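Note sheet for the following structure.
Bear in mind that the values here come from a model prediction, so they are computed numbers and not experimental data. Below, chain A is the first sequence line, B the second, and so on; all start at residue 1.
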Number of protein chains: 2
Amino acid sequence: MADVAKEAGVSHQTVSRVLNEHPNVRSETRARVMEAIDKLGYRRNLVARALVTKHSRTLGVVSFDTTLYGPASTVYGIEQAARAAGYFVSIVSLKSIDRAGVRDALDYLADQGVDGIVVVAPQRSAAQALADLPFDKPTVAVEGGEAGEVSVVCVDQYEGGRQATGHLLDLGHETVWHIRGPSDWLEAEGRVAGWRSVLEQAGRPAPEPLAGDWSPRSGYEAGRSLASMKDVTAVFVANDQMALGVLRAFTERGVRVPEQVSVVGFDDIPESEFFSPPLTTIRQDFGAVGRHSIEVLLRQIEGQGSHERERLVVPPVVVRRASTARR
Amino acid sequence: MADVAKEAGVSHQTVSRVLNEHPNVRSETRARVMEAIDKLGYRRNLVARALVTKHSRTLGVVSFDTTLYGPASTVYGIEQAARAAGYFVSIVSLKSIDRAGVRDALDYLADQGVDGIVVVAPQRSAAQALADLPFDKPTVAVEGGEAGEVSVVCVDQYEGGRQATGHLLDLGHETVWHIRGPSDWLEAEGRVAGWRSVLEQAGRPAPEPLAGDWSPRSGYEAGRSLASMKDVTAVFVANDQMALGVLRAFTERGVRVPEQVSVVGFDDIPESEFFSPPLTTIRQDFGAVGRHSIEVLLRQIEGQGSHERERLVVPPVVVRRASTARR
DNA sequence: CTCACTTCTGTTAGCGTTAACATTCGCAGT
DNA sequence: ACTGCGAATGTTAACGCTAACAGAAGTGAG
């Protein structure tokens with residue numbers, strides 16, 4: 001910076017002013033400085049800048065298993081939105097979901113001097129940890145449930161569960177079976193609740209949900225159980241990967257979809273359209289969730305004073321394909 | 001830090017020494033300092049530290065579409081390995097793959113003061129851009145082809161193509177059709193080359209490869225073409241997603257897999273095992289690729305002097321399932 | 001008891017930037 | 001020409017840390 005100042009024949013502070021688009025710089029001076037910057041190939045040191053301004057223009061993201069389509073898409077949306085707003089994104093992917101893990105991740109990011117944090121916290125324990133932790137940095141939880149003081153952006157899982165179940169009842173099915181996600185996951189809970197509420201509202205019996213862990217294998221195993229029962233005509237599976245396992249199990253047992261049993265998934269992963277048969281599912285707009293979470297976070301960072309907690313809900317939509325049919 | 005020093009009755013420099021595990025500190029003094037740190041809840045400011053040491057302990061990652069399973073898994077492996085080594089990870093996901101995009105991403109990360117960069121550069125254009133760019137920071141390319149001066153970590157795509165094709169010939173197929181990935185992708189090229197070499201070596205005719213873009217839809221369309229041809233008995237599809245589309249197309253046309261046609265995919269995504277039929281495929285260990293790329297990068301960062309360019313190749317393995325059968 | 005030498009601790013300076021205040025410049029109004 | 005005032009620029013002092021050197025305390029030998 002000193003070199004640039006010398007080259008342009010001004011003080012280093014004037015260079016700083018040009019860089020920060022301060023209004024009180026004569027345009028001729030500005031031009032001379034810009035020229036010197038170009039000539040010397042100068043780039044300002046953001047670390048020094050962060051030291052004095054207390055703002056790093058970096059956001060932290062805490063996530064769990066970014067290998068899955070949902071989290072990966074959400075994180076992608078977050079990164080794109082953050083960069084568009086001129087922020088860097090620092091990521092921490094956790095393996096375990098305990099309180100200590102979340103605490104460590106937050107501390108780690110706080111140490112690095114991030115300006116705010118997005119926690120993709122789909123498990124109850126993560127949301128809980130987040131709610132308990134006294135944390136002074138702006139924070140947004142994605143799928144964070146009733147996360148205490150922090151703002152939340154999420155997809156309306158309950159509504160998704162209702163749509164899936166409602167779609168199947170509309171097709172004339174007497175009742176709908178459910179293969180649920182792990183009980184620690186808020187998303188799994190929301191879908192179960194939506195499913196149950198529609199059945200109750202329609203006065204239909206609600207069979208005991210089968211347990212899954214989101215993996216195709218767990219869907220496969222649940223599917224085998226269902227295949228050996230006779231009065232099953234409709235199944236709402238809590239995600240598309242498990243639905244794939246279910247389809248596989250049904251195929252093996254000679255159960256025809258959708259002729260004998262209708263199946264609805266959740267997520268609308270890119271593969272779903274090409275399952276056999278193409279899967280009717282509930283689409284979640286992960287990209288929108290990511291973008292919204294950054295919007296909420298930046299609002300919190302930039303409008304310092306107002307700490308009002310926001311809650312933004314993204315609606316899911318039914319995507320009708322060939323795995324569901326009229327009874 | 002000054003507060004801690006006062007609390008412990010020492011100078012700030014002694015506190016710094018304790019924090020940096022300098023050997024020449026009396027253990028009694030060290031204990032007193034640690035106690036003061038605990039009591040005051042002091043955490044050192046990494047930004048100030050980075051300013052003076054010139055090391056941010058942050059690594060940059062440039063990637064393309066982290067929504068896909070491969071890149072997502074690789075980035076996950078990178079993040080885990082980096083954090084285990086005490087480094088932060090800053091991510092930039094590019095949409096476009098042109099030279100300017102890569103240049104911007106590298107500049108962006110360089111500005112932020114990262115100590116090194118991993119570029120997940122599966123496209124020829126990205127690898128090219130990387131090779132051309134004069135860049136002084138330690139850099140590693142993942143799947144970067146013959147990327148000029150930079151070190152490369154990759155899966156042996158050529159060998160994978162050979163294994164897939166060899167497996168099908170071993171089963172007695174006269175020849176093997178191929179649905180390839182986009183021509184800009186190095187991985188696609190490697191697989192094509194491996195496939196072709198085995199056919200040539202065996203003196204078999206090599207049919208013109210069908211073009212795909214990695215998406216299930218493109219696989220579906222190529223599959224429809226193949227279904228209408230009569231002498232197709234074996235297909236090597238360049239990734240599992242396209243293979244899913246192929247299976248779908250075959251199912252629709254009444255072509256039975258593996259009875260009439262054998263299909264081999266590539267990647268071994270978690271879903272493959274539950275396709276109908278379960279897919280024989282070539283497994284890539286993305287996690288290992290991520291880990292290795294960090295190892296290579298850290299070696300370059302820490303052993304400053306030696307700029308020897310490394311090239312680390314991870315072997316793929318065949319995973320036999322039900323989509324291939326003896327002819 | 002002093003000297004040389006090691007081990008530990010303190011003092012000073014500086015990393016590259018921005019904030020705050022000080023100064024200079026130019027121009028309008030009297 | 002002189003005052004006053006805002007716009008443009010310069011000067012100085014941080015930000016929180018580590019490096020380099022300086023000084024104090026302890027240790028063993030002559």
Side-chain angles (χ1 to χ4, degrees), chain A residues 1-37 40-58 86 88 107 109-115 137 302 304, chain B residues 1-37 40-58 86 88 107-115 136-137 302 304:
Chain A
M1 193 153 180
D3 296 348
V4 172
K6 194 177 294 175
E7 174 75 27
V10 297
S11 76
H12 63 123
Q13 178 62 326
T14 299
V15 177
S16 170
R17 274 192 270 259
V18 169
L19 252 25
N20 293 315
E21 296 173 10
H22 191 98
N24 291 354
V25 178
R26 207 151 32 115
S27 60
E28 189 210 327
T29 312
R30 188 193 320 280
R32 221 165 55 234
V33 170
M34 294 301 267
E35 201 177 320
I37 288 176
L40 301 180
Y42 164 80
R43 326 211 64 188
R44 88 170 129 190
N45 182 326
L46 294 186
V47 175
R49 181 182 159 88
L51 178 61
V52 64
T53 60
K54 312 282 180 205
H55 300 300
S56 59
R57 292 200 80 80
T58 297
F88 294 90
D107 283 353
L109 289 170
D111 274 359
Q112 201 204 10
V114 297
D115 293 345
K137 281 221 156 48
E302 283 158 14
Q304 276 301 359
Chain B
M1 193 154 179
D3 297 347
V4 172
K6 195 177 295 173
E7 175 75 26
V10 297
S11 76
H12 64 121
Q13 178 62 327
T14 299
V15 176
S16 170
R17 275 193 270 259
V18 169
L19 252 27
N20 293 316
E21 295 174 9
H22 191 97
N24 292 353
V25 178
R26 207 150 34 114
S27 60
E28 189 209 327
T29 312
R30 188 193 319 279
R32 222 165 53 232
V33 170
M34 293 301 267
E35 200 178 320
I37 288 176
L40 301 179
Y42 165 80
R43 325 211 64 191
R44 87 170 131 192
N45 182 325
L46 294 185
V47 174
R49 181 183 158 87
L51 177 61
V52 62
T53 61
K54 314 283 180 203
H55 300 301
S56 60
R57 291 200 79 80
T58 298
F88 294 90
D107 283 354
Y108 186 74
L109 289 171
D111 273 0
Q112 200 203 12
V114 297
D115 294 344
D136 52 351
K137 279 220 158 47
E302 282 158 14
Q304 277 300 357

Which heavy atom of [X] sits nearest to which heavy atom of [Y], and what is that distance?
X      : Y      : answer
A:T58  : B:Q112 : OG1-NE2, 3.3 Å
B:V25  : B:R17  : CG2-CB, 3.9 Å
B:S56  : B:G113 : OG-O, 2.6 Å
B:K137 : B:A110 : NZ-O, 4.2 Å
B:N20  : B:R49  : OD1-NH1, 2.8 Å
B:R32  : B:A8   : NE-O, 3.0 Å

Problem - Sorted by number, the residues of residues 26-36 of chain B with heavy-atom contact under 4.0 Å to DNA chain D - result: none
Exercise for the section: Scan residues 41-52 of chain A against DNA chain D and write down, sorted by residue number, each residue with any heavy atom closer than 4.0 Å; if none is found, say none. Expected result: A:L51, A:V52
Problem - Check against side-chain contact (heavy atoms from CB on, under 4.5 Å), A:R43 and B:D107 - result: CA-CA 10 Å; A:R43 326 211 64 188; B:D107 283 354; 3.2 Å; yes
If the cut-off is 4.0 Å, is [X] near the phosphate of [N], judged by side-chain N/O to OP1 or OP2?
X     : N      : answer
B:S16 : D:dT18 : yes
B:K54 : D:dT18 : no
B:N20 : D:dT18 : yes
A:T14 : D:dG10 : yes

Practice task
Before giving the answer on side-chain contact (heavy atoms from CB on, under 4.5 Å), spell out for A:L51 and B:N45 the whole-Å C-alpha distance, their side-chain angles and the decisive distance to 0.1 Å.
Solution key: CA-CA 9 Å; A:L51 178 61; B:N45 182 325; 4.3 Å; yes
How many whole angstroms separate atom [atom1] of [X] from atom [atom2] of [N]?
X      : N      : atom1 : atom2 : value
B:L19  : D:dC17 : CG    : P     : 8 Å
B:N24  : C:dC5  : CG    : P     : 18 Å
B:R57  : D:dC17 : CZ    : P     : 17 Å
A:Q112 : D:dG16 : CD    : P     : 18 Å
B:H22  : D:dA20 : NE2   : C1'   : 12 Å
A:M1   : D:dG10 : CE    : C1'   : 13 Å
B:R17  : D:dG16 : CZ    : P     : 21 Å
A:K6   : D:dG10 : NZ    : C1'   : 16 Å

Problem - Overall bend - the helix from C:dC1-D:dG30 to C:dT30-D:dA1, comparing terminal axes fitted on five pairs, nearest 10 degrees - result: 50°
Handout entry: Atom CE of A:M34: over 12 foreign heavy atoms under 6.0 Å
Key = no
Handout entry: Side-chain touch B:V15/B:E7, heavy atoms, less than 4.5 angstrom
Key = no
Handout entry: Selected nucleotide, minimal atom distance to B:Q13 side chain, candidates D:dT9, C:dG10, D:dC17
Key = C:dG10
Problem - side-chain contact (heavy atoms from CB on, under 4.5 Å) between B:M1 and B:V4, intermediate numbers included - result: CA-CA 5 Å; B:M1 193 154 179; B:V4 172; 5.6 Å; no
Exercise for the section: Evaluate the side-chain contact (heavy atoms from CB on, under 4.5 Å) criterion for residues B:Y42 and B:L19: first the C-alpha distance (whole Å), next the side-chain angles of each, then the deciding distance (0.1 Å), finally the verdict. Expected result: CA-CA 11 Å; B:Y42 165 80; B:L19 252 27; 3.7 Å; yes
